[in-house]
Participant: 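Handing you a structure now.
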Amino acid sequence: VFGLWGTALSFTIGSDQLPEATSEKPIQVIAHRGASADFPENTRSSTLAAVASGATVIEIDLRTTRDGHLVVLHDALLDRTTTGRGPVGEKTLAEIRQFDAGSWFDPRFRDQKVIALEEVYALCRGKLNVLLDLKETGVDYDRNVAARVRAGGDARRTIIGVRSVAQAKRFRELLPQSRQLGLIARPAEIEAFAGAGVAMIRLWPRWLEDTGLIERVRKAGCGLHLNGKLGTTEEVVPLLRYRPDSLSSDDPAQLVKTLKQLGRKVRQPGRAPGRR
């Protein structure tokens, strides 16, 4: 996902370009895969750093093990972020826990293991909302996610990152207390996802040349989420021009710091912005 999520943007920011402090509504800050700029993504260490960052939400990716557990891994293969090899779905949770999930990032994190969804809830309860990026599809997967949210999490403090209209409608039935972020694949899907009841729409920065997309999101009654990576002034100021309700970053502490320097408030954990 975020790296400016598929686009390369550069900006020169002068003092005359900085937004003035405003009384605009607070911005939701999403810690992308935890504090993944400084810690191995989707691990206990990046989760704890996200909790300490001042962010509103932690975003995690969910994959299913062979024995039906939901583990926090972005890729379908274990190869990139662990010492394991092959598809996640071919290993049990116990087998996956044997792998080192931190050395790929830095040898000092060799103690990090792949964590399960329940562990994220335990670490974040009462501190951060949880955004679930659903990396698989199908009725069985969606039902498994919903069951584990009900069992170990708080549906009211959970945001479901849905990737299809069918999935959005399904989760409207499975977890009616949870809000949804529409992870649309193309701008043409804005209205369809809105019609399915999502609270917020994610737009890629590379799409923003079409300024009419912002109006379409607003007209559909949805909040606007934009992706970032560094959380720096140079990155954030241009994004604020679009009046987002939510921003993400691999360095959530830096994003929180930048927003405060720009006179913007950070939304506190609770119900996600967007229509009720």
Side-chain angles (χ1 to χ4, degrees), residues 1-11 13 17-19 22 24-37 50 53-61 128-129 131-133 159-163 179-191 193-194 198-267 269 272-275:
V1 268
F2 308 15
L4 266 180
W5 287 21
T7 188
L9 300 178
S10 61
F11 304 94
I13 305 298
Q17 294 175 280
L18 295 177
T22 71
E24 294 182 80
K25 56 190 173 185
I27 292 178
Q28 176 176 263
V29 171
I30 298 179
H32 177 236
R33 304 181 201 173
S36 56
S53 71
T56 311
V57 181
I58 182 170
E59 181 265 0
I60 59 172
D61 306 293
L128 283 182
N129 293 350
L131 166 59
L132 308 179
D133 189 335
I159 304 167
I160 310 296
V162 293
R163 294 183 175 276
R179 292 199 172 185
Q180 297 180 8
L181 170 63
L183 301 175
I184 65 174
R186 58 192 67 83
E189 297 177 328
I190 290 173
E191 287 76 16
F193 272 72
V198 303
M200 186 175 297
I201 296 288
R202 185 274 309 275
L203 297 182
W204 294 107
R206 65 178 179 270
W207 292 347
L208 296 179
E209 291 182 6
D210 181 356
T211 56
L213 296 183
I214 307 297
E215 182 180 353
R216 285 172 56 192
V217 170
R218 301 298 187 196
K219 186 176 181 180
C222 296
L224 172 66
H225 173 76
L226 299 177
N227 306 326
K229 181 177 177 65
L230 305 175
T232 59
T233 300
E234 289 78 10
E235 177 186 83
V236 172
V237 167
L239 296 179
L240 289 179
R241 302 298 183 194
Y242 300 100
R243 302 174 67 83
D245 301 278
S246 176
L247 294 170
S248 60
S249 181
D250 292 349
D251 191 342
Q254 179 59 53
L255 176 55
V256 169
K257 179 181 178 182
T258 297
L259 288 171
K260 290 181 177 179
Q261 289 175 339
L262 296 173
R264 298 301 301 270
K265 294 181 180 179
V266 174
R267 175 179 285 274
R275 60 187 176 183

Participant: Taking all non-hydrogen atoms of both residues, which atom of Phe193 and which atom of Leu183 are closest, and how far apart?
Facilitator: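 Between these two residues, the closest heavy atoms are CE2-N, 4.4 Å.
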
Participant: Decide side chain to side chain contact (heavy atoms under 4.5 Å, CB included) for Val237 and Leu262; before the verdict, give the C-alpha distance in whole Å, the side-chain angles of both, and the deciding distance to 0.1 Å.
Facilitator: CA-CA 8 Å; Val237 167; Leu262 296 173; 3.9 Å; yes

Participant: So with a 6.0 Å cut-off around CZ of Arg218, is the heavy-atom count from everything else above 12?
Facilitator: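 Correct, the count exceeds 12.
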
Participant: Are side-chain heavy atoms of Leu203 and Ile214 found at a separation under 4.5 Å?
Facilitator: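 When only atoms from C-beta onward are counted, Ile214 and Leu203 do touch, with a gap below 4.5 Å.
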
Participant: Check the pair Asn129 / Ile58 against side chain to side chain contact (heavy atoms under 4.5 Å, CB included), numbers first and verdict last.
Facilitator: CA-CA 6 Å; Asn129 293 350; Ile58 182 170; over 6 Å; no

Participant: Checking salt bridge (Lys or Arg N to Asp or Glu O under 4.0 Å) against Asp245, which of Arg264, Arg202, Lys25 comes through?
Facilitator: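 For Asp245, the salt bridge (Lys or Arg N to Asp or Glu O under 4.0 Å) test succeeds with only one of Arg264, Arg202, Lys25, which is Lys25.
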
Participant: Rounded at 0.5 Å granularity, tell me how far CZ in Arg243 sits from CG in Leu226.
Facilitator: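 One gets 13.0 Å once the value is rounded to the nearest 0.5 Å.
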
Participant: Grab the two heavy atoms, one from Pro26 and one from Val266, that are nearest each other, plus how far apart they are.
Facilitator: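 For Pro26 and Val266, the tightest heavy-atom pair comes out as CB-C, 3.8 Å.
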
Participant: What's the spacing between Leu128 CG and Ile30 CD1 if we round to 0.5 Å?
Facilitator: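 Going from CG on Leu128 over to CD1 on Ile30, the span is 11.0 Å.
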
Participant: Keeping the roles fixed (side chain from Asp133, backbone from Gly161), state whether a donor-acceptor pair exists under 3.5 Å.
Facilitator: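 Flag not set: sc Asp133 to bb Gly161 has no pair under 3.5 Å.
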
Participant: Between Thr56 (side chain) and Val29 (backbone), is there a donor-acceptor pair under 3.5 Å?
Facilitator: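 Here the side-chain-to-backbone pair exists.
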
Participant: With side chain to side chain donor-acceptor pair (under 3.5 Å) as the test, would you mind laying out the steps for Gln254 and Thr258 before giving the verdict?
Facilitator: CA-CA 6 Å; Gln254 179 59 53; Thr258 297; 3.0 Å; yes

Participant: Rounded to the nearest 0.5 Å, how far does CG of Leu131 lie from CD1 of Ile160?
Facilitator: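 Reported to 0.5 Å precision, the distance equals 8.5 Å.
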
Participant: Is the backbone N or O of Ala185 less than 3.5 Å from a side-chain atom of Glu189, with the two atoms forming a donor-acceptor pair by type?
Facilitator: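 Checked: pair present.
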
Participant: Kindly indicate, with the supporting measurements, whether the criterion side chain to side chain contact (heavy atoms under 4.5 Å, CB included) is fulfilled by Arg216 and Glu191.
Facilitator: CA-CA 8 Å; Arg216 285 172 56 192; Glu191 287 76 16; 2.8 Å; yes

Participant: Donor-acceptor check, side chain of Ser249 to backbone of Leu255, threshold 3.5 angstrom: yes or no?
Facilitator: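 Looks like no, no N/O pair under 3.5 Å.
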
Participant: What distance separates Gln28 CD from Leu181 CG, expressed to the nearest 0.5 Å?
Facilitator: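 Going from the CD atom of Gln28 to the CG atom of Leu181 covers 8.5 Å.
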
Participant: Shortest non-hydrogen contact from Pro252 to Ala55?
Facilitator: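 Scanning both residues, the minimum pair turns out to be CB-CB, 4.1 Å.
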
Participant: Among Val198, Ile159, Ile201, Leu132, exactly one meets side-chain contact (heavy atoms from CB on, under 4.5 Å) together with Gln180. Which residue is that?
Facilitator: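 Exactly one candidate clears the test, Val198.
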
Participant: Say you draw a straight line from CG of Leu239 to CD of Glu234; how long is it, rounded to the nearest 0.5 Å?
Facilitator: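 CD of Glu234 is found 12.0 Å from CG of Leu239.
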
Participant: I want to check something: taking the side chain as every heavy atom from C-beta on, are Met200 and Arg179 in contact at a cut-off of under 4.5 Å?
Facilitator: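 A side-chain contact is absent here, since even the closest heavy-atom pair is not under 4.5 Å.
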
Participant: Between Arg33 and Asp250 (salt bridge meaning N to carboxylate O under 4.0 Å), is one present in this structure?
Facilitator: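 No, no charged N to carboxylate O under 4.0 Å.
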
Participant: Would you check if Asp251 and Leu230 make a side-chain contact, meaning some heavy-atom pair closer than 4.5 Å?
Facilitator: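 In short, these two side chains do not touch, never coming nearer than 4.5 Å.
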
Participant: Nearest 0.5 Å please: distance from the CD atom of Glu59 over to the OG atom of Ser36.
Facilitator: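 Between Glu59 CD and Ser36 OG, I get 8.5 Å after rounding to 0.5 Å.
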
